[in-house]
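Within every chain, numbering begins at 1; the chains are lettered A, B, ... in the order of the sequence lines, protein sequences first and strands thereafter.
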Number of protein chains: 2
Amino acid sequence: MTTHGDATETLSDPDFDAAGDLVERGIDAGALVTLFGRCRVDYDGRATSTLGPGDRHVMLKPDGAALVHTDEGQQPVNWQPPGCEHAVRVVDGEFVVESERSSPDELLSIAFESLSHVGVFDVTDATDLSLTGTEEDLRERILDDPDLLEPAFTPLATERSTPAGAIDIYGEDADGRTVVVELKRRRVGPDAVGQLDRYVQALGRDLHDEAEIRGLLVAPSVTDRARELLAQKGLEFVSLAPPEE
Amino acid sequence: MTTHGDATETLSDPDFDAAGDLVERGIDAGALVTLFGRCRVDYDGRATSTLGPGDRHVMLKPDGAALVHTDEGQQPVNWQPPGCEHAVRVVDGEFVVESERSSPDELLSIAFESLSHVGVFDVTDATDLSLTGTEEDLRERILDDPDLLEPAFTPLATERSTPAGAIDIYGEDADGRTVVVELKRRRVGPDAVGQLDRYVQALGRDLHDEAEIRGLLVAPSVTDRARELLAQKGLEFVSLAPPEE
DNA sequence: ACATTAATCTCGATG
DNA sequence: CATCGAGGTTAATGT
């Protein structure tokens, strides 16, 4: 066992009793717990899955999330969302980690036949991520300079609600016609065209003036099918990306 | 340092030189590498992000994926997809992990001011996940017993392609009318209705017989807005879920 | 490489 | 609680 500054504690090739003690202590202390070893994994909840024996890395977070990672992929092979209860016990010679929640009822069960590592990490992280280049940045760019869309475009509202959902930017063109703007931070396919079309139709029913409403899809680029759909539905496209920095 | 069976090796409170040696050795050996300590994280690529100092858990996978986890959330606060090159070096008294790829150009940089743990794990996992309760299971359930949709429904094709995309199930009803079926494994909103409508319209143009085509949305349930949209567009809904087991 | 869609999507905002 | 839409979505599949 290795301890340092009350912050991190690890066990190598622990016996199951020692591992159980450390993991329970870590969970109770609100620490982040990791395990590595050969295990089977079963999940039952929104779907059902089984995973035969293999070496995997398991992370139990203090917010109740659980992650099972293999050597491949950005996504965990199995997981449990935040809000779960973690528990460990030894059953039939296996070290079993269970993570459970209700609504929906879901259970993740990880049965280790051998454990080569257990770690407990005291995490303090008050920092928030600062992210730029999002759809919101694109919206701000347009509101700062509406002429980017077309000359004399006038934004009137953002997030204007319709029976079909909220319109990103609602405004008027140079001729006083209503304009519905849908923003996407990256290249778009047919789904985005469908979304814009829904908003235009819903707004038309709201205003009883469907023919006079223009729909503008704003994105860096569109796929061929999306372009065809736009043409079919009489919608327009403006190429614009979020600010670079 | 702790070694066992060539499989797992960990360092506690390592100095940066020893940590660098172990991490590089782990990466070269195709192992899964973990680090824990106080760090800053910067990302630049499809978007841009910065994250101030805090304690985080870092995982470097042999396929080139990188994950930075805080104490909260199922998702990593920063990451890099598979296919990246990982590198470590000591710069200005910080232990820096960089993960980079091209197309798109993306760089993730993690600068540790202190390291309390480094782990190297030899992963062997040939097992495939077996998952049930997916949309594909729902499709098989219907193909096994088409009457689940309605009496005398006859499936003719799956994944039938149209200019608007592939239709989940394409078939005929008791009266010989063409039926377009869109499947969803869980409760659906307006987007699924738009998707089904696109397919019906596209097939109508293909067959020059739009009026005679029925559209069926099959899901466990629909939201109110989706139900209204279905009614407006003359589409139908059948409540059905993927098989339980 | 691009296009399209599913996902135990996750996550946050909002009513 | 449910609903809705964004996401550096990711992952899989087809072309």
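A side-chain donor from one of A:Arg187 and A:Ser221 sits under 3.5 Å from a side-chain acceptor of the other. Using a 3.5 Å distance cut-off with no hydrogens or angles, the side chains of A:Asp105 and A:Ser102 do not pair a donor with an acceptor. Side-chain contact, A:Lys233 with A:Gln201: no donor N or O sits under 3.5 Å from an acceptor N or O.
D:dG7 and C:dA7 are spaced 13 Å apart, taking the C1' atom of each and rounding to whole Å. Across C:dA6 and C:dT10, the matching C1' atoms stand 14 Å from one another, rounded to whole Å. Nucleotides D:dA6 and D:dT10, compared at atom C1', are 14 Å apart to the nearest Å. Straight-line distance between the P atoms of C:dC11 and D:dA11: roughly 15 Å, to the nearest whole Å. Nucleotides C:dT4 and C:dT8, compared at atom P, are 23 Å apart to the nearest Å.
If you check every strand for non-hydrogen atoms under 4.0 Å, A:Thr134 touches sugar and phosphate atoms only. Across all strands shown, B:Pro76 has no heavy atoms under 4.0 Å from either base or sugar-phosphate atoms.
Between the CZ atom of B:Arg227 and the P atom of D:dC4 there is a distance of 13 Å, rounded to whole Å. Between the CD atom of A:Glu136 and the C1' atom of D:dG5 there is a distance of 13 Å, rounded to whole Å. Atom-to-atom, CD of B:Gln80 to C1' of D:dA11 comes out at 17 Å; the value is rounded to the nearest Å. As rounded to whole Å, 13 Å separates atom C1' of D:dA11 from atom CG of B:Leu129. Between A:Glu72 atom CD and D:dT10 atom P there is a gap of 17 Å when expressed in whole angstrom units. When the P atom of C:dG12 is taken as reference, atom CG of A:Leu131 falls 13 Å away, rounded to whole Å. Distance CG (A:Asp63) to C1' (C:dG12): 15 Å, rounded to an integer number of Å. Residue B:Asp42 contributes atom CG, which lies 16 Å from atom P of D:dG8 at whole-angstrom precision.
Taking the side chain to side chain contact (heavy atoms under 4.5 Å, CB included) definition, one finds that B:Ala65 meets it with B:Lys61, B:Asp63, B:Pro82, sequence neighbours left out.
Between B:Leu108 and A:Gly73, the one whose closest nucleotide on DNA chain D sits nearer the 5' end is B:Leu108. Closest-nucleotide positions on DNA chain C for B:Gln74 and A:Glu106 were compared, and the one nearer the 5' end corresponds to A:Glu106.
Between A:Tyr43 and A:Glu106 the shortest side-chain heavy-atom distance falls below 4.5 Å. Here the side chains of B:Ser49 and B:Asp42 are not in contact, with every heavy-atom distance at 4.5 Å or above.
A close approach under 4.0 Å does not occur between any side-chain nitrogen or oxygen of A:Arg46 and OP1 or OP2 of C:dA6. Within the structure, every side-chain polar atom (N or O) of B:Gln75 is placed at least 4.0 Å from both OP1 and OP2 of C:dT10. In terms of phosphate contacts, A:Trp79 brings a side-chain nitrogen or oxygen within less than 4.0 Å of OP1 or OP2 of C:dT10.
Here the side chain of A:Glu113 pairs no donor or acceptor atom with the backbone of A:Arg38 at under 3.5 angstrom.
In this structure, A:Phe121 and B:His57 have perpendicular ring planes: the angle between them is above 60°, well past the 30° mark.
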Protein N or O to nucleotides 3-5 of chain C N or O, pairs below 3.5 Å:
{"from": "C:dA3", "atom 1": "OP1", "to": "A:Arg187", "atom 2": "NE", "distance (Å)": "3.2"}
{"from": "C:dA3", "atom 1": "OP1", "to": "A:Arg187", "atom 2": "NH2", "distance (Å)": "2.3"}
{"from": "C:dA3", "atom 1": "OP2", "to": "A:Arg187", "atom 2": "NE", "distance (Å)": "2.7"}
{"from": "C:dT4", "atom 1": "OP2", "to": "A:Thr223", "atom 2": "OG1", "distance (Å)": "2.7"}
{"from": "C:dT5", "atom 1": "OP1", "to": "B:Ala164", "atom 2": "O", "distance (Å)": "3.4"}
{"from": "C:dT5", "atom 1": "OP1", "to": "B:Arg198", "atom 2": "NH2", "distance (Å)": "3.2"}
{"from": "C:dT5", "atom 1": "OP1", "to": "B:Tyr199", "atom 2": "OH", "distance (Å)": "2.7"}
{"from": "C:dT5", "atom 1": "OP2", "to": "B:Arg198", "atom 2": "NH2", "distance (Å)": "3.4"}

